[in-house]
There are 2 protein chains.
Amino acid sequence: MNTKQTTARRGRPPKIARNNQDTKAELLRSGLELLTKQGFSSSGIDSILKKVGVPKGSFYHYFDSKEAFGREVIDSYAKYFEKKLDTHLLNNANKPLDRLASYVNDAKERMAHYQFERGCLIGNLEQEVTLLPTNYRAQLINVFINWQNKIATCLQEAQEIGDICPSANCCELAELFWIGWEGAVSRARLVQSTTPLTLFFEHYLKNIKLTN
Amino acid sequence: MNTKQTTARRGRPPKIARNNQDTKAELLRSGLELLTKQGFSSSGIDSILKKVGVPKGSFYHYFDSKEAFGREVIDSYAKYFEKKLDTHLLNNANKPLDRLASYVNDAKERMAHYQFERGCLIGNLEQEVTLLPTNYRAQLINVFINWQNKIATCLQEAQEIGDICPSANCCELAELFWIGWEGAVSRARLVQSTTPLTLFFEHYLKNIKLTN
DNA sequence: TATTTATTAGACGATCGGTCTATAATAAAA
DNA sequence: TTTTATTATAGACCGATCGTCTAATAAATA
């Protein structure tokens, strides 16, 4: 990749050198990292800025408020995550249920890689929803609906090739996946081990095959 | 009960009148309420005090620090909750799986009663465990182990009367219950409805009957 | 009455989210 | 070229709130 970009940027240049291709994107990335660790309410703007070496003034140039910032972080995470889901769930090289397993394994590796310090942004915010700006609630629900639909489609394909019972309600099972998965992610962070994730998914798989 | 107590209390009397039989117990109760809503990190001591009408100085008379306070809140919640679990799970008037269902219904009613503002204290803290004093982690894990054992015993009784498959691993299934349940509680708070709880438990029941 | 103990009262510094003005460098306009 | 507008960084500042600590007060005790 060519990281060097010759397009001169307008505006006052930063005091301390930083690869300032896109300050806004860096703030979002840093914010995402912190929010996946700590949630929204406990994440101060200063901590987000410190990691990127950006002064506070810049933050309020790019974002109207912390609330607006949070909205964008959720959006960018949702987009990133949908892409990730697609790479697994739409991979025709694997059978539908193996695609799901592929996602699960990927997630397990990532959690272990970050020493179980990071969880799921949406899961974190879900739990502190009473503390969040009111309009976050609908946004979070929508993200879950999208994820759920992707799983449901995958399960339906599994149903078509006879890997799960024809009478199973794939939408319900998809909802059930995310409910249990978020619980398992949370538990994995507590015990600092992937076993809750493994345990949950093993049973989930077994059960959707038997269901109804 | 006789709430009137004539024993004169030592020390400086409160400026504003309050039924100060046991200030410490009141602080714990108020803390529990707030931590169940907001978790630990976002709960300010001032808010806990304001609800009970106690000045800040009293807090640090009864507790060494917020950390020590949190430990006691967890302890008292764990005790309260174990008692609650026992009243359902040891109720011989019902069959084992009906006892579990009885707990689930109770929890659903309570969540609805509080308009889904309160969740599970342990579930809340579990998710913010990286922000908590380090020794909380082991404490939380222990609480889950206790809860899990109670469910496991109940499942084993169901197994003995043939309501679930003889080859099922009751300990694993009990762990699975809490993993999924916490996920369902979290989702219920998000969508402000008991349907996630119902959905989870319906499938859980169905699956432990079929398992293996 | 003098001392000890229990409890309340409120000061304290650090940090929070958010706003503000000043500064700097470029692009566009003249 | 010179001027102006635009973009962006810099960081002081504000009121609110965080957890902690010290001083003050009154009852119990000796």
Side-chain angles (χ1 to χ4, degrees), chain A residues 5-28 30-31 34-35 38-73 128 131-134 136, chain B residues 5-28 30-31 34-35 38-73 128 131-134 136:
Chain A
Q5 181 132 355
T6 33
T7 347
R9 298 173 62 257
R10 293 179 66 172
R12 178 173 178 167
K15 195 178 211 172
I16 61 169
R18 91 179 85 105
N19 182 6
N20 197 351
Q21 234 51 280
D22 196 350
T23 305
K24 184 174 178 178
E26 278 217 67
L27 287 172
L28 286 173
S30 168
L34 204 62
L35 296 204
Q38 319 195 354
F40 183 78
S41 316
S42 308
S43 294
I45 292 186
D46 283 331
S47 335
I48 297 170
L49 295 169
K50 200 185 291 175
K51 245 177 219 148
V52 209
V54 167
K56 216 169 196 177
S58 296
F59 183 89
Y60 282 92
H61 171 67
Y62 292 109
F63 306 98
D64 285 345
S65 61
K66 194 195 179 191
E67 172 181 339
F69 175 70
R71 267 199 300 274
E72 291 204 42
V73 171
E128 58 175 337
L131 296 169
L132 302 177
T134 46
Y136 279 30
Chain B
Q5 182 134 353
T6 32
T7 349
R9 296 172 64 259
R10 295 178 66 173
R12 180 174 179 167
K15 199 176 209 170
I16 62 171
R18 94 179 83 106
N19 181 7
N20 197 351
Q21 234 51 280
D22 199 347
T23 306
K24 184 173 176 178
E26 278 216 67
L27 287 172
L28 286 173
S30 169
L34 203 63
L35 296 205
Q38 318 194 355
F40 182 79
S41 316
S42 307
S43 293
I45 292 184
D46 282 332
S47 336
I48 296 170
L49 295 169
K50 200 186 290 174
K51 246 176 218 148
V52 207
V54 168
K56 219 170 198 177
S58 297
F59 182 89
Y60 282 94
H61 171 67
Y62 292 110
F63 306 99
D64 284 345
S65 62
K66 195 195 179 190
E67 170 182 340
F69 175 70
R71 265 199 302 274
E72 291 204 41
V73 171
E128 58 175 338
L131 296 169
L132 301 178
T134 46
Y136 280 30

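Note on naming: letters A, B, ... go to the chains in the order of the sequence lines (proteins, then strands), and numbering restarts at 1 for each one. Just so it is clear, the model here is predicted, and its values are computed rather than measured.
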Report task. Give the rounded distance in Å between these two atoms: CG of B:Leu49 and C1' of D:dG19. Result -> 11 Å
Requested in this report: Take atom CZ of A:Phe63 and atom C1' of D:dT9, then tell me their distance rounded to the nearest Å.
Outcome: 15 Å
Query raised in the report: Out of curiosity, A:Thr23 OG1 to A:Tyr62 OH, how far, rounded to the nearest 0.5 Å?
Result: 4.0 Å
Restricting both atoms to N or O, compile the protein contacts to nucleotides 16-20 of chain C shorter than 3.5 Å, with distance only.
residue: C:dG17; atom: OP1; partner: A:Ser43; partner atom: O; Å: 2.9
residue: C:dG17; atom: OP1; partner: A:Gly44; partner atom: N; Å: 3.2
residue: C:dG17; atom: OP1; partner: A:Ile45; partner atom: N; Å: 3.2
residue: C:dG17; atom: OP2; partner: A:Ile45; partner atom: N; Å: 2.8
residue: C:dG17; atom: N7; partner: A:Lys56; partner atom: NZ; Å: 3.1
residue: C:dG18; atom: OP2; partner: A:Tyr60; partner atom: OH; Å: 3.1
residue: C:dG18; atom: OP2; partner: A:Lys66; partner atom: N; Å: 3.1
residue: C:dG18; atom: O5'; partner: A:Tyr60; partner atom: OH; Å: 3.4
residue: C:dG18; atom: N7; partner: A:Lys56; partner atom: NZ; Å: 3.2
residue: C:dG18; atom: O6; partner: A:Lys56; partner atom: NZ; Å: 2.8

Could you tabulate the donor-acceptor pairs under 3.5 Å formed by side-chain atoms of residues 41-49 of chain B, not counting sequence neighbours?
residue: B:Ser41; atom: OG; partner: B:Glu128; partner atom: OE1; Å: 2.8
residue: B:Ser43; atom: OG; partner: B:Gly39; partner atom: O; Å: 2.6
residue: B:Asp46; atom: OD1; partner: B:Lys56; partner atom: NZ; Å: 3.4
residue: B:Ser47; atom: OG; partner: B:Gly44; partner atom: O; Å: 3.4

Requested in this report: Check the distance between D:dA16's C1' and B:Lys50's NZ and give it to me in whole angstrom.
Outcome: 11 Å
Query raised in the report: If you take all heavy atoms of A:Val54 and A:Ser58, which pair is closest and at what distance?
Result: CG1-CB, 3.4 Å
Query raised in the report: Would you say B:Ser58 reaches C:dT8's phosphate, i.e. side-chain N/O to OP1/OP2 under 4.0 Å?
Result: yes
Query raised in the report: Rounding to a whole Å, what distance do you find between B:Ile48:CD1 and D:dC18:P?
Result: 10 Å
Requested in this report: Mind checking the CZ-CD spacing from B:Phe40 to B:Glu67? Nearest 0.5 Å is all I need.
Outcome: 7.0 Å
Requested in this report: Return the set of residues passing side chain to side chain contact (heavy atoms under 4.5 Å, CB included) with A:Glu72 (not counting sequence neighbours), or none when no residue passes.
Outcome: A:Lys24, A:Leu28, A:Phe63
**Report entry** Stepwise side chain to side chain contact (heavy atoms under 4.5 Å, CB included) check, A:Leu34 with A:Lys51
**Finding:** CA-CA 10 Å; A:Leu34 204 62; A:Lys51 245 177 219 148; 3.4 Å; yes
Query raised in the report: At under 4.0 Å, does any side-chain N or O of A:His61 touch on OP1 or OP2 of D:dA8?
Result: yes
